[in-house]
Novice: 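Below is the structure I would like to discuss, written out as structure tokens.
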Amino acid sequence: MGGTYKLAVIPGDGIGPEVVDAALGVLEQIGKVYGHQFVTKTLLAGGCAIEATGNPLPPETVAACRASDAVLLGAVGGDQWDDLPGDKRPEKALLGLRGQLGLYANLRPALLYKELQEACPLKPEIIGEGLDLLVVRELTGGIYFGPKGRRTTEKMGEEAFDTEVYSEAEVERIARIAFTIARNRRRQVTSVDKANILESSRLWRAVVTRVAADYPEVKLNHLYVDNASMQLVRDPKQFDVILTTNMFGDILSDEASMITGSIGMLPSASLAHGNFGLYEPVHGSAPDLAGQDRANPIATILSVAMMLRYSFALPQEAAAIEQAVQQVLAKGYRTGDLMNPGKTLVGTAQMGKLISGYIQ
Ligand code: NAD
């Protein structure tokens, strides 16, 4: 017996609607094959919401997201809204959604398919058969949200400060997410901090170590962030789940993403308490490609796979999507961002249909 799941869909701007359409086609195929019903509600956020309502994040959108089991977002933003003041810009919708939906855990897999090895900037002997790691980043605490300000002293002139603050409770809840996920992967968590210098990191390390005792099947090691950033390019295969703070995660997840070759391949999840989550590609609205059927929809399609795994507890269906993506790549189909001689160029919609075709 299949289940019924309520999904809020925010296509957004630029290539957002095109990649979301392709991903919803794949989800529909999953529904047919596995007997699930996905009830979708399309909502406004970003530039299109500014045009329609004057507000980048209308309250009805937030309310409808809260009434859903998960949210799928395309991308927001575009040149035509770049001159608006900060709180009126399309990107304000993203911060608003994170804050108002309580999304405290950001998951960014960096997965290099062996079919795309040529797109990876690392040497073949470093990547071997491919790479598969996951960065779990704390998203609503740390230095981005701690006390900040400016002051002027007679001796030094103007000063500015930002403060890294973490509570035990904040560290514990993100650590539990990382350990829970690691249990279903290769059972290894690397916690990244700067405990040789920062007091907040010493608390981070102590709490993560304590939480680890509840997950005896998962191996934990700690790395300082400077070493971790070096190890990511020296020997990325050593990592399974990387657990880290808001700022370190911001930087390391971008570094890790480079090993996958194209931004068009990178999905993400932002999780709240319970199973609720928002799923979106890492890329933006790519105005240079919008409306031309040229964008790579795989990042959004893989975001749907993450939604099935983390919000709907349907790991088999998630794996079916991931395998279908791999099969389509293995057959040599590529969107423009991944195109190489000898491969077959396809558009956004066609790529979505090909992937659906491998879900049987
Ligand atoms: P971008 O990610 O939109 O594009 C960067 C480059 O990657 C461009 O060359 C683009 O063509 C390419 N690209 C992006 N997605 C692709 C895909 N699916 N397939 C193939 N190529 C792809 O970043 P940008 O150009 O810095 O920003 C454009 C707009 O998007 C801005 O308004 C920015 O604020 C917004 N933005 C939104 C989000 C979001 O909604 N989460 C994230 C980043 C940027």
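When a ligand or atom number is given, it counts from 1 through the structure's own listing order. Remember, it's a predicted structure, so these values are computed and weren't measured experimentally.
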Novice: What do we get for R294 next to ligand 1 when only non-hydrogen atoms under 4.0 Å count, side chain, backbone, both or neither?
Specialist: neither
Novice: Determine yes or no for a side-chain-to-main-chain donor-acceptor pair under 3.5 angstrom, with S68 supplying the side chain and A64 the backbone.
Specialist: yes
Novice: Judged on heavy-atom distance to atom 28 (C) of ligand 1, which of A295, P287, G16 sits nearest?
Specialist: P287
Novice: Please report whether atom 25 (O) of ligand 1 has a protein non-hydrogen atom at a separation of less than 4.0 Å.
Specialist: no
Novice: At what distance is the nearest protein heavy atom to atom 7 (O) of ligand 1, and which residue and atom is it?
Specialist: I263 CG2, 3.6 Å
Novice: Can you name the atoms of ligand 1, numbered from 1 with element, that are less than 4.0 Å from a heavy atom of G77?
Specialist: 32 (O)
Novice: Identify the closest protein heavy atom to atom 33 (C) of ligand 1: which residue and atom is it, and at what distance?
Specialist: E91 OE2, 3.5 Å
Novice: Just checking, any donor-acceptor pair under 3.5 angstrom between side chains of S270 and N106?
Specialist: yes
Novice: Does either side chain, that of N221 or that of T190, offer a donor lying less than 3.5 Å from an acceptor on the other one?
Specialist: yes
Novice: Can you tell me the protein heavy atom closest to atom 8 (C) of ligand 1 and the distance?
Specialist: D288 OD2, 3.8 Å
Novice: Would you check if there is a donor-acceptor pair between the side chains of D337 and S262 at a distance under 3.5 Å?
Specialist: yes
Novice: As an exercise, identify every atom of ligand 1 less than 4.0 angstrom from a heavy atom of E280.
Specialist: 41 (N)
Novice: Are any of the N or O atoms of S285 closer than 3.5 Å to those of ligand 1?
Specialist: yes
Novice: Do E51 and W81 pair up side chain to side chain, a donor and an acceptor below 3.5 Å, judged on atom types alone?
Specialist: yes
Novice: Among protein heavy atoms, which sits nearest to atom 35 (C) of ligand 1, and what does the distance come to when rounded to 0.1 Å?
Specialist: V76 O, 3.2 Å
Novice: Just to confirm my output: which protein heavy-atom neighbour is closest to atom 3 (O) of ligand 1, and how far is it?
Specialist: A286 N, 2.8 Å
Novice: Of all the heavy-atom pairs spanning E168 and L203, show the shortest one and how long it is.
Specialist: N-CD2, 3.9 Å
Novice: Have a look at ligand 1 and work out which part of N296, if any, has a heavy atom under 4.0 Å from it: side chain, backbone, both or neither.
Specialist: both
Novice: Polar contacts were defined as any N/O atom of the residue lying under 3.5 Å from an N/O atom of the ligand; does this apply to G78 and ligand 1?
Specialist: yes
Novice: Between D254 and R108, is a salt bridge (charged side-chain N to carboxylate O under 4.0 Å, His left out) present by the stated rule, with each step listed?
Specialist: CA-CA 9 Å; D254 266 24; R108 275 186 45 181; 3.0 Å; yes
Novice: Using only atom types and a distance under 3.5 Å, with no angle test, would you say the side chain of T53 pairs donor to acceptor with the backbone of I50?
Specialist: no
Novice: Determine, counting only non-hydrogen atoms of the protein, whether one lies under 4.0 angstrom from atom 43 (C) of ligand 1.
Specialist: yes
Novice: At a 4.0 Å cut-off, with the gap strictly under it, does some heavy atom of A299 reach an atom of ligand 1?
Specialist: no
Novice: Please indicate, with yes or no, if any protein heavy atom is found under 4.0 Å from atom 21 (N) of ligand 1?
Specialist: yes
Novice: How are the rings of Y5 and H36 set to each other: parallel, tilted or perpendicular (split at 30° and 60°)?
Specialist: perpendicular
Novice: Closer than 4.0 Å and a protein heavy atom, does any atom meet both conditions relative to atom 11 (O) of ligand 1?
Specialist: yes
Novice: Using distance alone, with no hydrogens and no angle criterion, decide if R187 and Y215 have a side-chain donor and acceptor under 3.5 Å apart.
Specialist: no
Novice: Protein heavy atoms: any of them under 4.0 Å from atom 5 (C) of ligand 1?
Specialist: no
Novice: Please list the nearest protein heavy atom to atom 2 (O) of ligand 1 with its residue and the distance rounded to 0.1 Å.
Specialist: G284 N, 2.7 Å
Novice: Over all heavy atoms of both residues, which pair between R205 and A195 is shortest? Give the atoms and the distance, please.
Specialist: NE-CB, 3.6 Å
Novice: List ligand 1 atoms under 4.0 Å from A75, heavy atoms only on the residue side.
Specialist: 40 (O)
Novice: Using distance alone, with no hydrogens and no angle criterion, decide if N246 and R137 have a side-chain donor and acceptor under 3.5 Å apart.
Specialist: yes
Novice: Check L94 against ligand 1 and report side chain, backbone, both or neither, counting heavy atoms closer than 4.0 Å.
Specialist: side chain
Novice: Is it the case that ligand 1 has an N or O less than 3.5 angstrom from some N or O of L289?
Specialist: no
Novice: So which atom in V282 and which in P267 form the shortest heavy-atom distance, rounded to 0.1 Å?
Specialist: CG2-O, 3.7 Å
Novice: Suppose I only count heavy atoms of H283 and a 4.0 Å limit; which atoms of ligand 1 are within that range?
Specialist: 2 (O), 14 (C), 15 (N), 18 (N), 42 (C)
Novice: N55: what forms a side-chain hydrogen bond (donor to acceptor under 3.5 Å, both in side chains) with it, not counting sequence neighbours?
Specialist: none
Novice: For ligand 1, is I15 a contact, meaning one of its heavy atoms is under 4.0 Å away?
Specialist: yes
